[in-house]
Amino acid sequence: MNLFAEYQAKVIEIVEGLARDGVLPSGLGLSRIVVEPPRDRSHGDLATNAAMVLAKDAGMKPRDLAERIVGKLRQDPGVTEAEAAGPGFINIRLKPVLFENVVRAAVLAGPDFGRSAMGAGAKVNVEYVSANPTGPMHVGHCRGAVFGDALANLLAFAGHDVTREYYINDAGAQVDVLARSAYLRYREALGEEIGPIPEGLYPGDYLKPVGEALAKTHGNAFLNRSEREWLEPVRSVAIDAMMAMIREDLKALSIEHAVFFSERSLHEGNASAVGAAIADLSERNLIYQGRLPPPKGSPEADWEDREQTLFKATAFGDDVDRPLLKSDGGYTYFASDIAYHRDKFLRGFKIMIDVWGADHGGYIKRLKAAVTAVTGGEGTLDIEICQLVRLLRDGQEVKMSKRAGTFVTLREVVDEVGPDPVRFMMLYRKNDAPLDFDLAKVVEQSKDNPVFYVQYAHARSASIFRQAKMAYGEASFGQEELASADLSLLADEAEQGIMKLVAQYPRLIDSAAANREPHRVAFYLYEIASSLHALWSKGKEDAALRFVNDKDRELTKARLALVGSLMTVLGSGLKLLGVSAPDEMR
RNA sequence: GAUCCCAUAGCUCAGCCGGAUAGAGCAGCCGCCUUCUAAGCGGCAGGUCGCAGGUUCGAAUCCUGCUGGGAUCGCCA
């Protein structure tokens with residue numbers, strides 16, 4: 001039930017009709033036609049730019065074209081008024097019953113209100129978090145985790161077939177370092193004095209239990225053996241332990257991935273996936289032996305000019321061609337990543353979304369180039385970058401340093417402030433803008449805290465229903481009854497404002513999903529929460545506006561339908577963000 | 001040297017694939033609790049949209065250059 005989409009379709013139909021009648025040329029670019037709520041409410045309920053975007057191709061003045069469209073719009077049964085305005089806008093007023101029907105639809109549909117078919121069931125792979133399995137997650141990972149999760153929710157709600165995926169970087173040098181670090185803890189567990197952890201190994205205590213577990217299951221079987229003998233089993237145990245820890249951390253934020261994809265698996269077998277990907281590129285003539293210029297601006301002391309195996313990334317907009325093989329003969333991380341994304345494509349995902357931290361920004365062009373190459377242009381990779389999070393406490397930056405031991409883990413933050421503030425505040429900002437996260441402010445229970453403010457609106461709505469049931473009995477005001485309410489009784493401007501906001505929800509979902517911007521949901525929720533608080537306060541001054549009126553059941557019913565629709569939207573939006581929608585505040 | 005992101009009110013930020021008089025919160029000032037939760041609401045004041053060009057009927061939004069801030073830059077992941 002998306003009024004804006006409905007009227008966009010109607011406007012397009014009118015334009016096509018005018019083209020059939022010869023008033024307009026055919027083949028106009030109709031996709032640019034937008035029907036949106038006008039910024040100024042005095043302009044009506046809907047506004048469209050149709051006449052302005054088509055005027056040029058139509059060879060007509062915007063106002064003239066607008067008049068033609070207006071003439072047709074006036075014949076629409078739902079339209080009470082249509083007029084050309086300003087430079088060529090068409091402003092439309094709708095019969096109130098259309099908005100009333102949206103409220104009814106929201107009450108009846110409940111959690112499904114706003115669900116959209118926009119995605120048309122397309123398979124989408126959203127890869128997020130993918131933190132290295134070498135230690136606990138820190139706050140830096142948090143934003144990408146929350147963003148990716150909310151984006152996945154949003155895309156699913158907007159009609160996509162979403163798979164949430166985590167890429168485990170379990171190949172390469174870092175996990176070998178992890179294994180060596182765990183081995184040290186293993187020796188420690190067997191009673192050896194290991195002293196300070198050597199430079200270059202992971203010092204954290206979190207590896208102690210891994211060492212103990214190794215000692216328990218393997219006894220001293222690995223003691224005094226060459227690394228070749230123990231590296232693999234120790235690494236495997238350590239990675240499993242780290243992944244278990246990471247999953248626990250994610251669970252604290254109610255994040256769950258459907259697929260955990262192992263980088264190592266891409267290297268296994270005689271015909272490895274990485275080998276296949278490179279062979280694929282090779283067949284496309286995108287691989288050659290060549291030299292690269294040394295990087296500028298970074299130390300060049302250890303630069304070794306040599307011929308290497310390069311992917312022709314520049315053919316797809318990258319700045320330089322990229323190496324696929326390391327000097328030791330192994331594959332680069334990039335080579336694995338190509339194979340990984342090729343695998344996603346082969347699994348049927350034409351739409352891939354990766355969520356990365358800002359520090360990986362420099363990697364975007366090459367991977368997009370690779371995806372275009374390896375899918376023959378049929379797969380698209382969207383990379384969403386989350387900027388850094390600055391952790392504050394009462395306005396003071398919390399400096400983080402592994403060495404100083406002031407390292408803050410994701411778990412510590414979630415345990416301190418709770419998952420709701422973490423999730424909401426991470427989403428109450430565009431993902432590509434840096435974010436300050438103040439541990440003290442996000443737990444404040446006041447209107448200064450948007451998390452609380454929005455949740456409070458939901459609780460307040462629930463409270464209104466409780467009050468109504470006290471006045472009229474527990475069995476009163478079920479879904480069906482509310483849907484039959486006479487909503488024309490809701491004449492106050494504030495009440496109508498809420499109806500119109502509710503009517504915008506489906507449109508919001510589509511645009512937030514299409515733009516991959518879950519923060520729009522958060523801002524919308526704040527706005528609609530505000531509209532409830534305002535109406536509530538109006539009832540303080542004017543008793544006639546109170547939601548529960550124990551002398552007028554019909555009016556109460558209408559108001560509850562309104563509150564019900566708002567509560568539905570609040571609950572739905574909060575669910576998309578992964579934030580709880582409490583029925584009362586404590 | 002290069003690439004990417006950012007720059008909007010004193011502060012923190014929205015601004016919906018270009019559109020009508022640029023919005024919200026905080027801070028400041030003035031108001032609202034006998035009454036469904038004041039954990040809230042209303043009002044006032046506050047902006048050369050970093051700078052300079054360009055495209056367009058129309059630019060905070062698109063393009064180019066510059067300034068300032070952040071991130072990154074073969075064989076780490």
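In what follows, every chain begins at residue 1, and chains take the letters A, B, ... in the order their sequences are listed. Since the structure is predicted, the reported quantities are computational estimates derived from the model, not experimental observations.
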Base, sugar-phosphate, or nothing for [X], non-hydrogen atoms under 4.0 angstrom?
X: A/S31; value: base
X: A/N449; value: nothing
X: A/R507; value: base
X: A/Q387; value: sugar-phosphate
X: A/N91; value: base

Indicate whether OP1 or OP2 belonging to [N] is found under 4.0 Å from a side-chain N or O atom of [X].
X: A/S446; N: B/A39; result: no
X: A/K430; N: B/G15; result: yes
X: A/R460; N: B/A38; result: yes
X: A/K540; N: B/A38; result: yes

Anything under 3.5 Å between a protein N or O and an N or O of nucleotides 60-69 of chain B, put it in a table, one pair a line.
none

Restricting to nitrogen or oxygen on both sides, can you table the protein-nucleotides 26-29 of chain B pairs closer than 3.5 Å?
from, atom 1, to, atom 2, distance (Å)
B/C26, OP1, A/K447, NZ, 2.4

[X] and [Y] ion-paired at < 4.0 Å:
X: A/D318; Y: A/R322; answer: yes
X: A/D492; Y: A/K538; answer: yes
X: A/R41; Y: A/E493; answer: no
X: A/R93; Y: A/E83; answer: no
X: A/D319; Y: A/K365; answer: yes

Per-nucleotide pairing state of RNA chain B [Watson-Crick or G-U, under 3.5 Å; [ ] pseudoknot-crossing; | other strand] | (((((((..((((.....[...)))).(((((.......))))).....(((((..]....))))))))))))....

Polar pair under 3.5 Å, donor/acceptor by atom type, side chain A/R466, base B/C36 | no

Is the A/Y166-A/Y128 ring centre distance short of 6.0 angstrom?
-> no

Proximal nucleotide (of [options]) relative to the [X] side chain:
X: A/E36; options: B/A71, B/C16, B/A20; answer: B/C16
X: A/K365; options: B/C41, B/A20, B/C4; answer: B/C4
X: A/A534; options: B/C17, B/G42, B/A14; answer: B/G42
X: A/A433; options: B/U37, B/A14, B/G25; answer: B/A14
X: A/V34; options: B/C32, B/U37, B/C17; answer: B/C17

If you measure from the [atom1] atom in [N] to the same atom in [M], how many Å do you get, rounded?
N: B/C66; M: B/G28; atom1: C1'; result: 36 Å
N: B/G68; M: B/C29; atom1: C1'; result: 34 Å
N: B/U48; M: B/A52; atom1: C1'; result: 13 Å

Contacts under 3.5 Å, N or O only, protein and nucleotides 75-77 of chain B:
from, atom 1, to, atom 2, distance (Å)
B/C75, O2', A/S327, N, 3.1
B/C75, O2, A/S327, OG, 3.0
B/C76, OP2, A/K326, NZ, 3.3
B/A77, OP1, A/A173, N, 3.4
B/A77, O2', A/N132, OD1, 2.3
B/A77, O2', A/N132, ND2, 2.9
B/A77, O2', A/N169, OD1, 3.3
B/A77, N3, A/H360, NE2, 3.3

Can a cation-pi geometry be assigned to A/R507 and A/F4, taking NZ or CZ under 6.0 Å from the six-membered ring centre and within 45° of the ring axis?
-> yes

So is A/R460 actually on top of A/F547's ring, under 6.0 Å and inside 45° of the axis?
-> no

Within residues 426-435 of chain A or reaching into it, pairs that qualify as side chain to side chain donor-acceptor pair (under 3.5 Å) - sequence neighbours excluded | none

Is the glycosidic angle of B/C63 within 90° of 0, making it syn, or outside that range, making it anti?
-> anti

Which residues within residues 512-523 of chain A lie with some heavy atom under 4.0 Å of an atom in RNA chain B?
-> A/H519, A/R520, A/F523

